[in-house]
Structure formats: C-alpha cells, structure tokens
Amino acid sequence: MSILSRRRFMEFAGSTLATLGLNSVNLLPQFDRYGKVLAQSTPRKLALLVGINQYKNDPLNGCVNDVIMQEMLLIHRFGFNPKDIVILTDKQATRQGILEAFEEHLIQQAKPGDVAVFHYSGHGSRVLDPNPIIGKSPIVDGTGLNGTFVPVDSSLPAGYPNVGGEVDDIMGHTLFLLMSAIKTEYFTAVLDSCFSGLKTRDFKVRSRDGGEKIEISPLEKAYQESWLSRLDMSPEEFVQGYQKGVAKGVVLASAQPSQTAKDVKILDFHVGIFSYLLTQYLWQNTGTPESAIAYTNEQIPRNLTQNPLYEVKIESEYENKPIYFVENKTSVANAVITEITGNQAQIWLGGLTIKQKAELKSGTILNPVNSQPNSSGKAIFQSRTGLAGISRIQGYLEVGTLLSL
C-alpha cells in the first residue's frame, strides 16, 4: 500500500520544506510533541490529504503546498494528532494508493462520533461513463460526462484527442460510495480541482482534458459495483441517494461545476487559491462551512472566475456547524512556532493574509496569543520563504506556541 508514513513523508518532503524555509531535521519529534499537547482523546480526528503536482503531461505547482497548509492547520488549530494524518503526494497518490488509504485510514478506523477529513488537490476531468449506474440522464451540464479525480498514474491514451480510450480516474460517484461507507456523520471533503479544461499564461488550471472519446475504466466500474454490494445498496437506492446530495457531512469545493480551479503564485510560492484562502481564514476565525465559503468567494479576484461552494447532507444543517465538526477552543492566530534552536525559531505563517505577508518586515514582533500557557516572551521576525519564517526569541516560548501580530 502506498501510504506515506510520517517519517517517509518527512524525508520525501524535505526538499519542499526547504524551499518553504523549513528545516526537516528533528521535525518528526516536534510533531509528536504537538500531538501530545493538542490532540484530544475523544473523538478521534482522522485525515487523509492528497496533493499531486508531478503529472506526466501537465504538471501542477501548488498541490503539495496545499497539503502542507492543510496539515499545519489541522494540527495547530484543530488539534489533530499528526499520527492520525495520512499524506499522499505525487508518486504515492496512485489510484490504488488513494482508494486503499481512504478505505484503511478513514472507513476502517473512523467510528461513530469521530471526525474524518479528506482533502484532494490535483487535476479533475470529465469523462464518459459507458455503463452508468447513476442512470442515463445527462449529468450537470447536459453533456453526459462525469466528473473525476485524476490520480498520478492516470494518463490520456496515446494519440489523444484524435484517438480515444480509457483512463484510470476516480469518479465522483465513487467518492459518494466511499463517503457512504464511513461510520461517522462528521465527515468533511475539501476538493481543490476542477472538471473542465482551460490554459492561460497567468495561472495553471487544475484540469486534465477529457471528453466523449475518453471513458472510465472497467476497473473503476467494478470497484463501484463492489461497494454497492458491500453497502447492500441497490443501483436504484444509489441513484436516489446521489441525486439528493452528499452522502455524509460536508463537501467544500473550489469552484462551480462549470468553472475551473486555479493553481496560482502568491508572492513567492504556489498554491491553490481556494486552499490558501480557506486555510488562512480558518487560522484567524472560528468559522462554519457557510462563513468559510462566503469568505473565499469575497477574496478570490474576479478575473479568476472561480466561485467556491459547499454542500451538506440534506436536512442536516451542517452548514452552520463548526468547520470540520470540531468545537475549536484553540485561539485564533497568525502563526505558530514549529521548531526552536537556541534563541532562533522556525515559524509557520499560515494565518497571514496576502497583504500582511507582503508587508511583513524584519523586526516585526509576534506575541503569543492570550491563552498560551508558559509563554512570557515574543518572537521577532527576521525573514520568510513561502509560508515559513525565521524569528528570534526574546524571553521564553515553546514549540507549538500560537502567535499573532
């Protein structure tokens, strides 16, 4: 199974973290310390985070950074134990790897009342379903095409677009079945991808080409049939449930079905504009799905033509529940201390707006938020690369201390 262990991820992500200004040496023990301090014994909080940059034919830039942003947010603001977060990036994010991780980490482990999060950043596509379980009616836009997620090992057939063929994508229908299998209602999916094609000079679009010539593979259809059997769900019940809305919890999506999700450069680092604004908002606010999506819609530049949305299980009113179904008692913040060596600290600047990051100067003081115990000092900012910074400590501060401007 292609699940990254915590240590393997740290080794793999060392170059990425170095680019962002984080020293991966001794980072794993620090994460373990965060877990002991922040993680709650009940309910358990599980997350599967998938980010793919290294597509063979149309690589992206910001998807792995999205995953790192989400991981830091879940640990430091929402109290997830790092050991309960599984991360798949690039070569690990194969079709089999993603499906196995979803089954083994979320479906098999989450119990009623637990919290489960699935984040996907990568390409989306639209392909033809030659034998649709969901019925013969056109889907969404009248084309009859189905939205899919594109694993790293799913490629268009040679000769496309003149030649058609099959792809090993994961259908949105499959995600519905996997969500149905999770034993907890407190499930959140964050999807930063799109299902239509576009190329521009100013940003990359998280979409792989598809169309009527491209069909979903029989392997994917067999997997769906298997889950219908395991769930004891008839095709008719599947259709009815799918047409009603999401199977469990909440889905936060980066764009409307007819729009494209953008992979952009912000200052000196690449991210998904939706993932960036969502995580930045949640560092500074105790929000709901409704308020978080409202914020991202307000902040996305109009020229990007991207309007995030949310959907909740019908008649659940989950749109007004705490985001990720976590009653967040952690103080809002702009940053967190991730490592301390002598009087120098590595800090993660996940809660700063784009304007605040651009204006951040050497000598700026970040103070511990009011509720931080055992913190009687301050962090004096020195430099930043991406979302990671270096500061000098005066007084006493601990790893995991939340900071504010």
Side-chain angles (χ1 to χ4, degrees), residues 49-51 62-63 66 69-70 73 116-126 134 138-143 145-150 170-176 178-180 185-198 203-207 210 241-264 271-282 285-325:
L49 314 180
V50 179
C63 298
D66 288 359
M69 287 191 302
Q70 184 73 265
L73 177 78
V117 174
F118 172 66
H119 179 109
Y120 173 81
S121 284
H123 277 313
S125 187
R126 282 181 175 177
I134 199 68
I139 295 176
V140 181
D141 60 359
T143 66
L145 301 179
N146 294 262
T148 66
F149 306 102
V150 183
I170 298 172
M171 298 177 69
H173 300 163
T174 300
L175 178 60
F176 178 90
L178 293 173
M179 291 167 61
S180 300
E185 286 288 327
Y186 301 146
F187 173 81
T188 302
V190 182
L191 309 177
D192 201 339
S193 63
C194 57
F195 308 108
S196 59
L198 179 67
F203 49 79
K204 291 183 71 69
V205 170
R206 293 181 173 182
S207 169
Y242 189 86
Q243 291 176 341
K244 285 181 180 180
V246 301
K248 297 277 179 71
V250 179
V251 174
L252 307 176
S254 60
Q256 302 288 331
S258 61
Q259 295 176 335
T260 54
K262 311 305 189 299
D263 193 302
V264 302
V271 288
I273 186 63
F274 169 67
S275 289
Y276 173 77
L277 290 172
L278 177 68
T279 55
Q280 177 261 308
Y281 172 79
L282 294 175
N285 298 273
T286 54
T288 64
E290 186 174 59
S291 66
I293 293 300
Y295 175 83
T296 59
N297 270 301
E298 291 172 358
Q299 296 298 315
I300 291 180
R302 292 184 179 180
N303 68 301
L304 294 184
T305 318
Q306 179 177 337
N307 300 106
L309 71 158
Y310 69 86
E311 187 174 358
V312 302
K313 184 177 179 179
I314 189 170
E315 298 179 352
S316 66
E317 298 185 0
Y318 288 158
E319 66 271 22
N320 297 315
K321 295 291 185 180
I323 198 85
Y324 302 132
F325 297 98

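The chain is numbered in sequence order, starting from 1. Values below: every heavy atom of this structure, side chains too, minus hydrogens, waters and symmetry copies.
Every residue was checked against the side chain to side chain donor-acceptor pair (under 3.5 Å) condition with K321, not counting sequence neighbours, and none meets it. Listed by chain and number, the residues in a side chain to side chain donor-acceptor pair (under 3.5 Å) with S316 amount to none (sequence neighbours excluded). With sequence neighbours excluded, the residues satisfying side chain to side chain contact (heavy atoms under 4.5 Å, CB included) with T174 are L99, I170, M171, L178, E220, Y223, Q224. Under the ring-ring contact (aromatic ring centres under 6.0 Å, His included) criterion, F325 pairs with Y186, Y318, not counting sequence neighbours. Scanning for side chain to side chain contact (heavy atoms under 4.5 Å, CB included) contacts around A247 gives F176, M179, S180, with sequence neighbours left out. Residues that satisfy the ring-ring contact (aromatic ring centres under 6.0 Å, His included) test with Y310, not counting sequence neighbours, are absent from this structure.
Between L191 and L175, the closest side-chain pair of non-hydrogen atoms falls below 4.5 Å. The side-chain heavy atoms of E317 and V312, taken from C-beta on, include no pair separated by under 4.5 Å. Between N285 and S291 the shortest side-chain heavy-atom distance does not fall below 4.5 Å. At a threshold of 4.5 Å between non-hydrogen side-chain atoms, the residues R206 and C63 count as touching. In this structure, the side chains of I323 and P289 come closer than 4.5 Å at one or more pairs of heavy atoms.
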- Task: Kindly determine whether D66 and Y120 satisfy side chain to side chain contact (heavy atoms under 4.5 Å, CB included), including the steps that lead there.
- Result: CA-CA 9 Å; D66 288 359; Y120 173 81; over 6 Å; no
Notebook entry, point to check: Checking side chain to side chain contact (heavy atoms under 4.5 Å, CB included) for the pair N320/E290: CA distance, chi angles, key distance, verdict?
Noted result: CA-CA 6 Å; N320 297 315; E290 186 174 59; 3.2 Å; yes
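Residues G287 and Y281 come closest through the heavy atom pair CA-OH, 4.1 Å. The shortest non-hydrogen separation linking G172 to F149 is CA-CE1, 4.3 Å. Heavy atoms only, all atoms of each residue included: Y295 and L277 are closest at CE2-O, 3.8 Å. Closest approach of L309 and A255 over heavy atoms only: CD2-O, 3.0 Å. The minimum heavy-atom distance linking S275 with D192 is given by the pair OG-OD2, 2.7 Å. Residues L304 and K262 approach most closely at O-NZ, 2.5 Å, considering heavy atoms.
H123 and S125 form no side-chain donor-acceptor contact under 3.5 Å, judged by distance and modelled atom types alone. For the residue pair Y276 and Q299, no side-chain donor N or O sits within less than 3.5 Å of a side-chain acceptor on the partner.
For the pair K248 (side chain) and F187 (backbone), a donor-acceptor distance under 3.5 Å is absent. Q306 places a side-chain N or O within donor-acceptor distance of the main-chain N or O of S254, the cut-off being under 3.5 Å.
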